[in-house]
Each structure stands twice: as C-alpha cells, then as structure tokens.
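Since the model is a prediction, treat every value here as computed from it, not as a measurement.
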Amino acid sequence: MPQVRVRFAPSPTGPLHIGGVRTALYNYLFAKKNKGTFILRIEDTDQTRFVEGAEDYIMESLRWCGIVVDEGIREGGEHSPYRQSDRKEIYKKYADKLVDKGLAYYAFDTPEQLEAIRLEYEKKGTTFNYNSEVRGKLTNSLSLDAVDWNARLDRGEPYVIRFKMPVDEEVHFEDIIRGQIVVNTSTLDDKVLFKSDGMPTYHLAHLVDDHLMKISHVIRGEEWLPSLPLHILLYRAFGWETPLFAHLPLLLKPDGKGKLSKRDGDRMGFPVFPLFWPYDETAKGYREEGYYPEAFVNMIALLGWNPGTEQEIFSMDELIDAFSLERVGKSGSRFDPEKAKWFNHQYLQKRSDSRLAMEFREFLREKGFHIDIVRLEMLVSMVKERVSFVKEFWSQTDFFFKAPEAYDLEAVKKRWQENTETILGELKEVLRGIDDFSPLPLEAAVKSWIESRGYNMGAVMNPFRLVIVGSLRGPHMFDIISWIGKGETIARIEKGLSLIGKK
C-alpha cells in the first residue's frame with residue numbers, strides 16, 4: 001500500500017451533517033490505522049453557496065469529536081493553502097492543458113440559450129444533456145472555426161471549459177467497497193470544469209488538489225459515485241496516477257426510506273448535526289443535547305461499518321485498531337435515534353460518580369442550588385442507572401432539593417387508606433427518635449417498627465414515598481430521607497398529612 005494520505009473536503013454551505021462527520025471519521029480512522037495523514041481541505045469554489053460561519057463550524061465539529069487534523073487551514077502543511085478559494089490561481093492552467101490536448105473545449109453558450117434548449121427538449125418529452133451528440137451543434141470551440149472562437153476569447157466573451165467526453169467508450173474502475181464497476185461514456189455528459197466566474201468546478205478542483213496533495217485514497221459519500229467515471233477519465237487525461245476510491249453508503253431515515261435530513265430530525269425530535277447551528281434557520285446539535293463526544297463518535301462509526309464481532313462500545317483507539325474499509329457495507333445504514341441515546345447511556349454509566357457530580361453541579365448552579373460535591377456524588381450514584389444524559393438527573397432528583405408542591409392524585413387514590421394518617425403520624429415519631437440517620441440504620445429501625453406493629457410494608461412505604469417525593473418514583477426510600485435529613489423528612493411528612501388529609 002502506498003503512503004496513506006486521505007482528506008475530508010467539505011463545502012462551507014451550512015452545518016455539517018452527521019453523514020459528513022461519519023465521512024471525516026472513516027477517513028481519520030483509516031489514516032491512523034495505516035500510520036497515514038489526515039487532511040482537512042475546505043472546498044469553497046461555489047461562492048454562491050458560501051455560508052458565513054460554516055467553515056469554523058466544520059473545524060469545531062471535528063475538534064469536539066476528537067478527529068485530529070494533521071494538515072489543514074489552521075494546522076498548515078507542506079501543501080498549503082488548504083482552502084480552495086485561496087488556490088484559485090492554480091486551476092486555470094490545468095483546464096488550459098486539457099484544452100491544448102484537445103480533451104476539453106471552450107463553450108460560449110449563455111445560460112439563457114441553454115435554458116431555451118432545455119425547454120424545447122422538455123416539450124418533446126426528453127431531457128437535454130450537453131454531450132457528444134449535441135456539442136457539435138452548440139456554440140463552442142468544437143463547432144466554431146478557430147478564428148471565431150479566438151475572437152470571442154479576445155473580446156472577453158464569457159465562457160466555460162467543458163470536458164470532451166469520449167464517444168462510446170467503456171470506463172472500468174474499482175471501488176474498495178463496491179468492487180468492479182463499468183460505465184459507458186455514452187451515458188455521460190460534457191461536464192463543466194471551469195466556470196465563467198473564474199473558479200473551477202468541484203470536478204476539476206478536487207482532482208487537481210488530490211493530485212498535488214498526494215492523496216492516496218479518496219473516501220467519500222456515494223452521491224459522488226456517478227461522477228467517478230469522469231474523474232477516472234480526468235486522471236487519465238492528465239496522465240496522473242489514480243488514487244484508490246471508496247464510496248460510503250448513505251445514512252437513511254429511521255424508517256429506512258430515503259436519506260436522513262434535517263426535516264426528519266425536526267419532525268422526530270433528534271439532531272442531525274454535531275453542534276448547534278446558530279445561523280438563519282437554527283438547528284439542534286448533539287453536543288448541546290447532552291451527548292458525550294465519545295458516544296456520538298462510537299454511534300456514527302457503526303452506521304455503515306461492521307467490526308465483525310458482537311462488540312458495540314469502542315474507544316477511539318479501539319476503533320482505529322479495528323477499522324477497515326472492507327467491512328463497510330454497500331447498502332444504506334438506517335439511523336436509530338433510540339440507539340443513539342443507548343450509546344450515551346452506556347458512556348454515562350462508565351463515568352465516575354465524581355465526574356458526573358461535577359457535570360450535574362453546573363446544571364444545579366443554573367437553578368440556584370449550591371450543593372457540596374461529596375453529597376452530589378452520593379446523589380448521582382443513586383440514580384445514574386436511570387438516566388442517559390446529565391440533564392436527566394434533575395427529573396430524577398428534583399425532590400431531593402425541594403419538597404413536593406403537589407401530589408400524584410392517582411397514587412393518592414390507590415395508596416392512601418383510612419389508617420394512613422395514623423401510620424404516618426407514628427412513623428414520624430419513630431424517625432424523630434433515630435439518631436443515626438444513615439440509610440442502613442434507618443431501614444433497620446423502620447422495618448423493625450413495621451413488624452412490631454404488624455403493618456403491611458406497602459401500606460407504610462407507599463404513602464411515605466408520596467409525602468416525601470410527591471409520587472411513587474425515585475430510588476430507595478432510605479437513601480432519599482438520609483440525603484435530605486431528619487428535619488426535612490419530618491417536615492415533609494407533616495406537610496403531606498396536612499394537604500392530602502384535606503383532599
């Protein structure tokens with residue numbers, strides 16, 4: 001295998017889709033697995049679609065994911081610059097080389113002329129393609145005599161440079177994921193390589209840059225597969241060595257019907273972008289929704305790639321060690337938002353109580369609660385198995401910080417009996433007499449009292465939970481009352497008795 005050099009080359013046209021992050025990740029994993037180089041190149045040749053802030057968003061997304069760039073705009077490198085608009089002086093000479101070889105040509109057709117031709121074709125029920133069948137009848141340097149088209153160039157008349165697609169030729173190429181592919185050039189049109197605004201199209205610019213940056217493997221989305229025959233022919237036209245190609249499968253909607261889009265996320269309530277997008281039409285991000293970057297990366301790594309084992313939880317180093325393009329599937333991979341939550345749950349469970357307590361403390365401070373970190377560690381250890389995100393700790397622990405303001409009426413109806421007030425009144429006095437308010441002594445003392453009185457355990461503990469929590473939820477009761485303390489426990493019993501007793 002040649003020295004591995006791969007690139008992730010997004011366009012700054014908006015927020016980076018998780019499909020794009022997966023492409024970056026697979027490039028990164030492949031590079032690191034093979035002791036290679038991972039390059040970030042910004043492809044902004046289409047200035048009409050440029051979106052302010054998108055470039056920084058791309059770089060911040062990769063940083064958050066732990067995808068480390070070896071060469072790029074910020075990192076530099078021997079093949080700088082890594083932004084195509086900063087390289088625009090490079091491309092024209094390569095387009096001219098193809099014209100000089102007779103493998104490309106100048107086309108002077110105006111957008112209005114081409115639109116009129118398209119409409120004529122539509123009226124006949126056919127589709128117009130600028131190809132070998134029609135190029136000799138249109139306004140270009142193949143149909144015009146040399147004096148005419150040179151005069152047009154001298155006058156500064158707008159033009160594009162199109163590739164001259166060979167006639168009825170089979171193009172054979174190999175894709176690492178999809179195997180051998182054959183395409184006949186009769187199905188292809190003469191793509192524009194250089195635009196009238198002085199900028200190259202993707203087809204020319206990326207290919208020139210890949211050659212100059214010595215890219216060994218092009219790993220990109222399958223939407224570029226139809227363009228691969230053109231790219232193979234362009235490599236051949238320049239006389240350059242062709243890199244190896246791998247076209248990744250699509251990420252599909254949760255129902256498997258079509259490509260995953262922002263609209264699907266909005267409709268079903270999950271993000272399709274790594275970070276919050278703050279511009280124009282805002283969009284949710286995985287980071288801001290509370291996902292850990294390790295969980296996010298682990299999740300997208302398995303959307304299309306199969307390690308060949310039952311293992312699902314991978315660190316970045318384990319992904320690097322296990323990854324291979326040969327185990328990337330051909331068919332689209334369905335995105336499952338519930339599985340994404342499952343991954344985050346797994347990573348949250350692996351975190352230490354002290355780390356989770358520090359993360360939850362920031363959330364509590366925003367609500368005005370300032371709790372000792374040791375007490376918070378005790379708290380998160382009680383409920384961590386019930387949550388998938390740090391923000392969910394609040395819904396599982398709010399009653400630790402404030403007495404209930406209302407009580408679950410359905411639970412009251414089922415669990416509040418005629419003798420409940422008497423039982424809770426007795427329990428209050430039992431608790432008042434306990435000096436050691438840690439969970440185990442509490443539990444032993446209360447259970448001993450219940451047995452001595454011949455009470456049913458549920459007849460005591462269910463209404464007890466109601467007055468302390470407000471509903472029949474939460475961790476072990478004695479953990480709860482130990483944490484809130486004797487004074488607060490007795491106060492809540494008294495409050496519950498006064499309010500529920502009136503209902």
Under 3.5 Å side-chain donor-acceptor pair for Ser352 and Ser354: yes
Side-chain H-bond candidate by donor/acceptor type, Tyr130 with Asn140, under 3.5 Å: yes
Among Trp305, Tyr347, Phe343, the one residue meeting ring pair (Phe, Tyr, Trp, His ring centres under 6.0 Å) with Phe314: Trp305
Residue among Phe194, Phe163, Trp240 satisfying ring pair (Phe, Tyr, Trp, His ring centres under 6.0 Å) with Tyr94: Trp240
Gap separating the [atom1] atom of [X] from the [atom2] atom of [Y], nearest 0.5 angstrom:
X      : Y      : atom1 : atom2 : result
Phe30  : Ile176 : CZ    : CD1   : 5.5 Å
Glu169 : Leu188 : CD    : CG    : 10.5 Å
Arg162 : Leu142 : CZ    : CG    : 11.0 Å
Leu138 : Leu114 : CG    : CG    : 7.0 Å
Met165 : Asn131 : CE    : CG    : 9.5 Å
Lys191 : Asn129 : NZ    : CG    : 8.0 Å

Main chain of [Y], side chain of [X]: is a donor-acceptor contact present, judged purely on distance under 3.5 Å?
X      : Y      : result
Lys253 : Leu260 : no
His247 : Ile177 : no
Asp109 : Thr139 : yes
His345 : Arg386 : no
Arg5   : Met213 : yes
Ser80  : Tyr82  : no
Glu115 : Glu112 : no
Gln47  : Asp44  : yes
Asn34  : Gly36  : no
Asp264 : Ser261 : yes

I'd like to know whether [atom1] of [X] has more than 12 heavy-atom contacts from other residues, nucleotides or ligands below 6.0 angstrom.
X      : atom1 : result
Gln311 : CD    : yes
Lys88  : NZ    : no
Arg155 : CZ    : yes
Glu133 : CD    : no
Arg375 : CZ    : yes
Glu362 : CD    : yes

Compare all side-chain heavy atoms of [X] with those of [Y] and state whether any distance is below 4.5 angstrom.
X      : Y      : result
Tyr159 : Ser141 : no
Leu62  : Val69  : yes
Leu212 : Ile90  : yes
Thr185 : Val171 : yes
Leu364 : Leu376 : yes

Stepwise ring pair (Phe, Tyr, Trp, His ring centres under 6.0 Å) test for Phe38 and Phe8: CA-CA 8 Å; Phe38 173 72; Phe8 176 54; 7.0 Å; no
Stepwise side chain to side chain contact (heavy atoms under 4.5 Å, CB included) test for Arg361 and Ile371: CA-CA 7 Å; Arg361 182 170 63 176; Ile371 309 297; over 6 Å; no
Between [X] and [Y] (judged by ring centroids, cut-off 6.0 Å), do the two rings come close enough to count as a pair?
X      : Y      : value
Phe335 : Phe270 : yes
Phe401 : Phe369 : yes
His211 : Phe238 : no

Ion pair [X]/[Y], N-O distance below 4.0 Å:
X      : Y      : result
Asp154 : Arg152 : no
Lys97  : Asp100 : no
Lys262 : Glu281 : yes
Asp398 : Lys367 : no

Worked check of side chain to side chain contact (heavy atoms under 4.5 Å, CB included) between Leu275 and Glu288: CA-CA 7 Å; Leu275 315 179; Glu288 291 72 22; 4.2 Å; yes
Using 30° and 60° as the class limits, which term best fits the ring planes of [X] and [Y]: parallel, tilted or perpendicular?
X      : Y      : result
Phe245 : Tyr235 : perpendicular
Phe363 : Trp394 : tilted
Phe296 : Tyr286 : tilted

Listed once per pair and sorted, the side chain to side chain donor-acceptor pair (under 3.5 Å) pairs that draw on residues 201-210, sequence neighbours left out: Arg7-Asp210, Arg41-Asp210, Gln84-Asp209, Arg87-Asp209, Tyr91-Asp209, Tyr202-Arg220, His203-His231, His206-Arg220
Test log, rule salt bridge (Lys or Arg N to Asp or Glu O under 4.0 Å), inputs Asp56 and Arg74: CA-CA 10 Å; Asp56 288 338; Arg74 293 176 177 172; 3.4 Å; yes
Full working for salt bridge (Lys or Arg N to Asp or Glu O under 4.0 Å) between Glu222 and Lys330: CA-CA 9 Å; Glu222 72 170 38; Lys330 298 177 185 178; over 6 Å; no
Audit row: Ile300, Leu25, side chain to side chain contact (heavy atoms under 4.5 Å, CB included) steps and yes/no: CA-CA 8 Å; Ile300 62 172; Leu25 177 64; 3.8 Å; yes
Side chain to side chain contact (heavy atoms under 4.5 Å, CB included) between Ile67 and Tyr28, worked out: CA-CA 7 Å; Ile67 299 173; Tyr28 175 76; 3.7 Å; yes
Sequence neighbours excluded - salt bridge (Lys or Arg N to Asp or Glu O under 4.0 Å) pairs with any residue from residues 295-317: Glu312-Lys339
From Lys384, Arg365, Lys391, Arg351, residue fulfilling salt bridge (Lys or Arg N to Asp or Glu O under 4.0 Å) relative to Glu359: Arg351
Asp86 vs Arg83, salt bridge (Lys or Arg N to Asp or Glu O under 4.0 Å): CA-CA, chis, key distance, verdict: CA-CA 5 Å; Asp86 295 334; Arg83 185 188 293 111; 2.6 Å; yes
